[in-house]
Amino acid sequence: MSTEPKITVATAWLDGCSGCHMSFLDLDERLIELVAQVEIVYSPLVDAKELPEQVDVGILEGSISSEDDLEKARLFRERCKLLISLGDCAVTGNVPAMRNHFKLADVFDRAYRENVTLQPQIPTRNVPALLTPVKPVHGEVKVDVFVPGCPPSADAIWAVLSELIAGRVPDPNAVTRFGA
């Protein structure tokens with residue numbers, strides 16, 4: 001058994017569908033090999049509730065659409081040595097950024113008044129404040145590796161992580177593309 005410390009990895013999803021995390025789970029049996037080499041210290045896929053002070057690799061899925069998203073992206077940038085923007089929403093803003101073409105008040109009216117049959121009202125409690133415009137992750141924090149795809153395939157995620165584990169700089173464009 002290796003005495004080398006494992007690479008620490010943290011993941012989070014911001015505004016998106018969580019499809020990139022589902023692709024991560026699609027690594028299937030490769031997850032066993034991955035866990036032998038990395039320690040997932042924070043993620044919706046594990047039970048950890050606090051992002052550690054120091055993380056080797058941070059992976060963010062989704063765009064920055066709310067104050068909560070912005071706070072999490074900044075915290076990941078501060079605590080992660082290397083930050084990966086995973087998926088088209090994180091890389092370009094993609095689907096969440098479609099609301100950038102509308103006034104925020106109109107978006108709220110459409111979602112909470114026009115399309116509601118019982119008690120149409122705009123929520124005011126326990127809802128994070130939305131930002132305008134919606135931005136990709138690099139619109140607010142420095143990103144080191146961009147992995148496009150909607151979602152990126154498990155094979156693309158595996159290729160990027162394998163290169164990082166081996167100490168090499170991955171070339172995501174060799175294994176995925178926008179919309180893949």
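Note that the structure is a prediction, hence the values are computed from the model and not measured.
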If I take atom [atom1] from residue [X] and atom [atom2] from residue [Y], how far apart are they, to the nearest 0.5 angstrom?
X: I157; Y: D26; atom1: CD1; atom2: CG; result: 8.0 Å
X: R79; Y: T8; atom1: CZ; atom2: OG1; result: 12.5 Å
X: S63; Y: N94; atom1: OG; atom2: CG; result: 8.5 Å
X: C20; Y: L25; atom1: SG; atom2: CG; result: 11.5 Å

Do [X] and [Y] share a hydrophobic cluster, counting only Ile, Leu, Val, Met, Phe, Trp and Tyr and linking them when any side-chain heavy atoms are less than 4.5 Å apart?
X: F76; Y: L45; result: no
X: L75; Y: V46; result: no
X: Y42; Y: W13; result: no
X: I59; Y: F146; result: no
X: V91; Y: V145; result: no

Using a 3.5 Å cut-off and no angle test, enumerate the donor-acceptor pairs between side-chain atoms of residues 124-137 and protein atoms at least two apart in sequence or in another chain.
residue	atom	partner	partner atom	Å
K135	NZ	E140	OE2	2.8

Close side-chain approach of [X] to [Y], heavy-atom, < 4.5 Å:
X: F24; Y: L161; value: yes
X: I122; Y: D109; value: yes
X: S18; Y: E61; value: yes
X: D15; Y: S66; value: no

_If we check side chain to side chain contact (heavy atoms under 4.5 Å, CB included) with L164, which of these qualifies: V9, D56, D144, I84?_
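Exactly one candidate clears the test, I84.
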Grab the two heavy atoms, one from [X] and one from [Y], that are nearest each other, plus how far apart they are.
X: F178; Y: P148; answer: N-CB, 3.6 Å
X: G149; Y: T176; answer: CA-OG1, 4.1 Å
X: L83; Y: K142; answer: CD2-O, 3.6 Å
X: V175; Y: A159; answer: CG1-CB, 3.8 Å
X: A12; Y: P44; answer: CA-CD, 4.2 Å
X: A73; Y: L14; answer: CB-CD1, 4.4 Å

*Charged N-O contact under 4.0 Å between D28 and R30*: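 Salt bridge absent between D28 and R30.
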*Ion pair check, R113 and D106, cut-off under 4.0 Å*: no
Step through the shown structure and confirm whether more than 12 heavy atoms of other residues, nucleotides or ligands are within 6.0 Å of [atom1] on [X].
X: E78; atom1: CD; answer: yes
X: E114; atom1: CD; answer: yes
X: M98; atom1: CE; answer: no

_Could you walk me through whether R110 and N115 satisfy the side chain to side chain contact (heavy atoms under 4.5 Å, CB included) test, starting with their C-alpha distance in whole Å, then the side-chain angles of each, then the deciding distance to 0.1 Å, before giving a yes or no?_
CA-CA 6 Å; R110 182 78 173 149; N115 290 319; 3.8 Å; yes
*Are the side chain of Q37 and the backbone of I7 linked by a donor-acceptor contact shorter than 3.5 Å?*
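Between the backbone of I7 and the side chain of Q37 there is no qualifying donor-acceptor contact (under 3.5 Å).
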_Donor-acceptor pair, side chain of R99 and main chain of K103, under 3.5 angstrom_ = no
*Checking side-chain hydrogen bond (donor to acceptor under 3.5 Å, both in side chains) for the pair T11/H21: CA distance, chi angles, key distance, verdict?*
CA-CA 9 Å; T11 75; H21 275 78; 2.8 Å; yes
